[in-house]
Protein chains: 2
Amino acid sequence: MRKDSRLSRMLHVLVHLHQLQQAVTSDQLALMLHTNPVVVRRTMSLLREQGYVSAVKGHGGGWTLAKPLHEITLLDIHRSLSESSLFTIGLTDEHNHCPIEKAVNLAIDDVLQEAEALVLQRFGEVTLDKLATGYTPR
Amino acid sequence: MRKDSRLSRMLHVLVHLHQLQQAVTSDQLALMLHTNPVVVRRTMSLLREQGYVSAVKGHGGGWTLAKPLHEITLLDIHRSLSESSLFTIGLTDEHNHCPIEKAVNLAIDDVLQEAEALVLQRFGEVTLDKLATGYTPR
DNA sequence: TTTTATGTAACTTATGATGTTTCTTAAATT
DNA sequence: AATTTAAGAAACATCATAAGTTACATAAAA
């Protein structure tokens, strides 16, 4: 299944924006991410809607951070990007009345919800300034 | 992103096989899963390779459990089915030498590995007989 | 020999991030 | 005012993979 690498890419971009301290164009970011500027705008606009970056049109324009890195967590960016599920595992809904299917789905969902809660908690504990200074795992 | 519902489907099938106590054909399972028999064979054959089910050809043939439910865990079935990742999140590898990209990927991967370990542990704790008698969440 | 069933190869479909083209809009430079 | 530079946005193509489908081979029982 194709992976969603937007979180990885956007975190990468945000830390670079912090270090450069100036507006960076979509074309420049596209070169950096080995992609094209439309993909950059499409993804960055989700962060702009949540107030983490600003975009300025025209000469000298481009993208800048709208908040300092220490006020942004991995969770903030993850939430800005994803409406869809964290897991590749899905549940079936073929027989709403079958008690076995219900028990199976409940068992799987129970585990996945616990795991998702853990991911969200951990993401919430990491601010982006920690990524700028060399992250060390727990 | 399209979900992998094979785990859910196969657990459902295994518990039904236990309750029916007789060979069930791929056609019958396909009706049960609202799919077609080739999809059933393709997926069930992964469980057969690991020794969880047996298949018999010809008249009166079909699929039967090769192990009792209490000797099979969610983890066993999960492992039989998936070589691919549990998460929809992927890491980029655009600049192997960029320390920021490394820090970003390390931070994400750190969290995902912890979450995956939790999922595998929980899956390993649940034997399939628990699903036959009405599963209650932790 | 016929019927019933799995085994398997080859191909199509569905989904969503990604990639691409093209045009519009806005702001700074000339 | 005209030109250049940049984001915004619509429309469409690509890719990967579970799922779905078609067709045929193989094996076992009736």
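Every chain is numbered from 1 and lettered A, B, ... according to where its sequence line falls, protein lines coming before strand lines. No hydrogens, no waters, no symmetry mates; every other heavy atom, side chains included, goes into these values.
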Determine: side-chain N/O of [X] to OP1/OP2 of [N], distance under 4.0 Å, yes or no.
| X | N | answer |
| --- | --- | --- |
| B:Thr35 | D:dA19 | no |
| A:Thr25 | D:dA6 | no |
| A:Arg9 | C:dG19 | yes |
| B:Arg41 | C:dT6 | yes |

What integer distance in Å separates [X]:[atom1] from [N]:[atom2]?
| X | N | atom1 | atom2 | answer |
| --- | --- | --- | --- | --- |
| B:His34 | D:dG20 | NE2 | C1' | 15 Å |
| A:Lys3 | C:dT18 | NZ | P | 12 Å |
| A:Met44 | C:dG19 | CE | P | 16 Å |
| A:His59 | D:dT4 | NE2 | C1' | 4 Å |
| A:Asn36 | D:dT14 | CG | C1' | 12 Å |
| A:Glu49 | D:dA7 | CD | P | 16 Å |
| B:Ile89 | C:dA17 | CD1 | C1' | 13 Å |
| B:Leu33 | D:dA18 | CG | P | 17 Å |

Roughly how far apart are [X] [atom1] and [Y] [atom2], rounded to 0.5 Å?
| X | Y | atom1 | atom2 | result |
| --- | --- | --- | --- | --- |
| B:Ile108 | A:Leu131 | CD1 | CG | 8.0 Å |
| B:Ile77 | B:Ser8 | CD1 | OG | 12.5 Å |
| A:Ile72 | A:Leu65 | CD1 | CG | 5.5 Å |
| B:Arg42 | B:Thr35 | CZ | OG1 | 8.5 Å |

Check each of A:Thr73, A:Leu86, A:Leu11, A:Val119 against A:His78 using the side chain to side chain contact (heavy atoms under 4.5 Å, CB included) test, and report the only one that passes.
A:Leu86
Picking from D:dA19, C:dT22, D:dA23, which would you name as closest to the side chain of A:Val38?
C:dT22
A:Trp63 has a side chain; which of D:dA7, C:dT21, D:dT21 sits nearest to it?
D:dA7
With sugar-phosphate meaning primed atoms plus P, OP1 and OP2, does B:Arg6 contact a base, only sugar-phosphate, or nothing at under 4.0 Å between heavy atoms?
sugar-phosphate
Mind checking B:Ser5 for me? I need base, sugar-phosphate or nothing, with any heavy atom below 4.0 Å counting as a touch.
sugar-phosphate
When the nearest nucleotide of DNA chain C is assigned to A:Thr43 and to B:Arg48 on a heavy-atom basis, which residue is associated with the more 5' position?
B:Arg48
Considering heavy-atom distances to DNA chain C, does B:Ser45 or B:Gly58 have its closest nucleotide positioned more toward the 5' end?
B:Gly58
